[in-house]
Amino acid sequence: MSTMDEAELRRAVAVAGELAQWAAEAMRRPRTGDVRYKANAADMVTDTDELIERQVRSVLLRAFPGHRVEGEEYGVREGPAGAPSWVVDPVDGTTNYAHGVGWSSFSLGLSDASGPLLGLVADPWRGEVFTAVRGEGARLDGEPIRATDARGVRGQVVMTEWAAHAPWHGMDRVLAELSARLCTVRIMGSTALSLAQVAAGRAVAGAIGRFQAVDGLPALLICREAGALAYDDTGPTAGVPSGGLLVAAPGAAEETYDIWRAARAGHGGG
């Protein structure tokens with residue numbers, strides 16, 4: 001992938017912000033249309049998912065016709081060789097959204113030849129937008145944010161999510177180890193929004209059993225830019241995770257990674 005120049009990057013930041021505002025408004029409207037199912041009864045899609053992704057694709061390809069776009073609902077639109085690449089999850093947490101549970105998000109990210117470049121996660125229900133540009137730190141509604149300075153997990157919150165509708169390999173062991181350390185775990189239903197809580201300093205760590213770039217890459221960049229450390233099933237990672245993903249505040253990273261590594265030992269993810 002090519003590296004974007006400064007002018008194109010600033011235009012991308014502006015376009016992403018406008019799309020986030022539009023998507024959040026679309027999600028807050030009363031939901032219409034039937035809920036439909038993809039792979040199984042726990043794999044849902046709504047008219048809102050499809051409406052938002054169509055609009056995002058249309059805007060991005062009009063503004064950046066040479067870019068690649070990958071979305072949750074409509075797959076990959078390839079660009080020229082080496083083109084910058086967008087990922088979009090129009091409604092991350094569709095099950096929550098379809099049932100009227102106010103914990104879902106809009107996720108949008110951009111990568112270039114050097115890796116993730118721009119990440120955005122919008123929470124329509126609390127009116128919050130988490131953003132990061134590589135090398136410029138993480139922000140919440142324009143204000144800088146950092147991972148918590150907590151030392152260890154005792155008395156803290158850790159976020160996790162199911163692997164689709166099921167526990168991931170080692171999840172029971174991770175939950176038990178955290179409980180024994182008087183650490184509370186939350187399973188909320190939106191990977192992007194759960195990981196963003198680590199960047200905001202609200203949770204000491206976040207664990208995902210099966211990393212997917214479409215909903216995870218933007219939030220991962222935000223966490224990294226907020227100072228959190230990242231690990232996958234092979235160890236510390238500075239790139240795109242392989243298998244699962246753990247992000248943790250620096251003061252709790254060693255403890256949480258030891259728990260994660262023991263629970264995931266001998267397993268390639270899932």
Side-chain angles (χ1 to χ4, degrees), residues 89 92-93 96 103-105 107 109 116 119-123 126 128 130-132 138 140 145-164 167-179 181 183-264 269-270:
D89 194 340
D92 182 49
N96 281 352
W103 185 270
S104 52
S105 62
S107 177
L120 182 152
V121 175
D123 178 351
R126 276 152 287 279
E128 295 183 334
F130 303 83
T131 57
L140 171 55
I145 51 174
R146 294 289 296 175
T148 178
D149 59 3
R151 311 298 297 181
V153 302
R154 183 181 177 88
Q156 301 297 316
V157 170
V158 168
M159 309 293 290
T160 190
E161 294 296 343
W162 301 113
W168 39 267
H169 175 83
M171 188 176 186
D172 56 345
R173 183 169 178 179
V174 169
L175 296 180
E177 291 291 338
L178 291 171
S179 174
R181 289 166 170 80
C183 178
T184 300
V185 177
R186 292 287 180 256
I187 303 172
M188 304 293 285
S190 167
T191 292
L193 196 52
S194 289
L195 293 178
Q197 307 310 306
V198 180
R202 298 167 177 168
V204 76
I208 303 299
R210 186 169 66 234
F211 178 83
Q212 299 181 89
V214 166
D215 59 2
L217 204 59
L220 174 57
L221 177 63
I222 296 168
C223 286
R224 284 174 169 156
E225 287 294 320
L229 304 181
Y231 305 84
D232 64 10
D233 289 326
T234 68
T237 177
V240 176
S242 173
L245 169 67
L246 169 71
V247 291
E254 183 177 356
E255 183 178 9
T256 50
Y257 178 58
D258 285 347
I259 294 169
W260 166 268
R261 179 177 55 190
R264 302 281 286 180

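Residue numbers run from 1 in the order of the sequence given.
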Self-check item: NZ/NE/NH1/NH2 to OD/OE distance under 4.0 Å, Glu128 and Arg202
Solution: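 Judged by the 4.0 Å cut-off on N to carboxylate O distance, Glu128 and Arg202 do form a salt bridge.
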
Search all heavy atoms of [X] against all heavy atoms of [Y] and return the closest pair with its distance.
| X | Y | answer |
| --- | --- | --- |
| Ala238 | Arg224 | C-NH2, 3.3 Å |
| Leu246 | Ala205 | CD1-CB, 4.4 Å |
| Leu221 | Gly119 | CD2-N, 3.5 Å |
| Ala199 | Ile222 | CB-CG2, 3.6 Å |
| Thr234 | Asp232 | OG1-OD1, 2.7 Å |
| Leu195 | Gly216 | CD1-O, 4.4 Å |

Quiz item: Do Trp162 and Ile187 have side chains that get closer than 4.5 Å, going by heavy atoms?
Solution: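 Answer yes - side chains close enough.
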
Practice problem: Report yes if some heavy atom in the side chain of Gln212 is under 4.5 Å from a heavy atom in the side chain of Asp215; otherwise report no. | Solution: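 Side chain of Gln212 against side chain of Asp215, heavy atoms only: contact under 4.5 Å found.
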
Is a side-chain N or O of [X] found less than 3.5 angstrom from the main chain of [Y], in a donor-acceptor match?
| X | Y | result |
| --- | --- | --- |
| Gln156 | Gly152 | no |
| Thr237 | Gly239 | yes |
| Gln197 | Met159 | no |
| Arg264 | His169 | yes |
| Thr160 | Ala207 | yes |
| Ser194 | Thr191 | no |
| Asn96 | Met188 | yes |
| Glu161 | Gly189 | yes |
| Arg173 | Ala262 | yes |

Quiz prompt | Option passing side chain to side chain contact (heavy atoms under 4.5 Å, CB included) with Val158 (candidates Leu175, Val204, Val198, Thr184) | solution =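 Only one option passes, and that is Val204.
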
Exercise. Could you please spell out the steps behind the side-chain hydrogen bond (donor to acceptor under 3.5 Å, both in side chains) verdict for Ser190 and Ser104?
Key: CA-CA 5 Å; Ser190 167; Ser104 52; over 6 Å; no

Self-check item: Derivation and outcome, side chain to side chain contact (heavy atoms under 4.5 Å, CB included), residues Val174 and Met171
Solution: CA-CA 5 Å; Val174 169; Met171 188 176 186; 5.7 Å; no

Self-check item: Trp260 and Trp168 aromatic ring geometry - parallel, tilted or perpendicular at 30°/60° bounds
Solution: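 Answer is tilted, since the angle falls between 30° and 60°.
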
Self-check item: Test log, rule side chain to side chain contact (heavy atoms under 4.5 Å, CB included), inputs Leu120 and Phe130
Solution: CA-CA 6 Å; Leu120 182 152; Phe130 303 83; over 6 Å; no

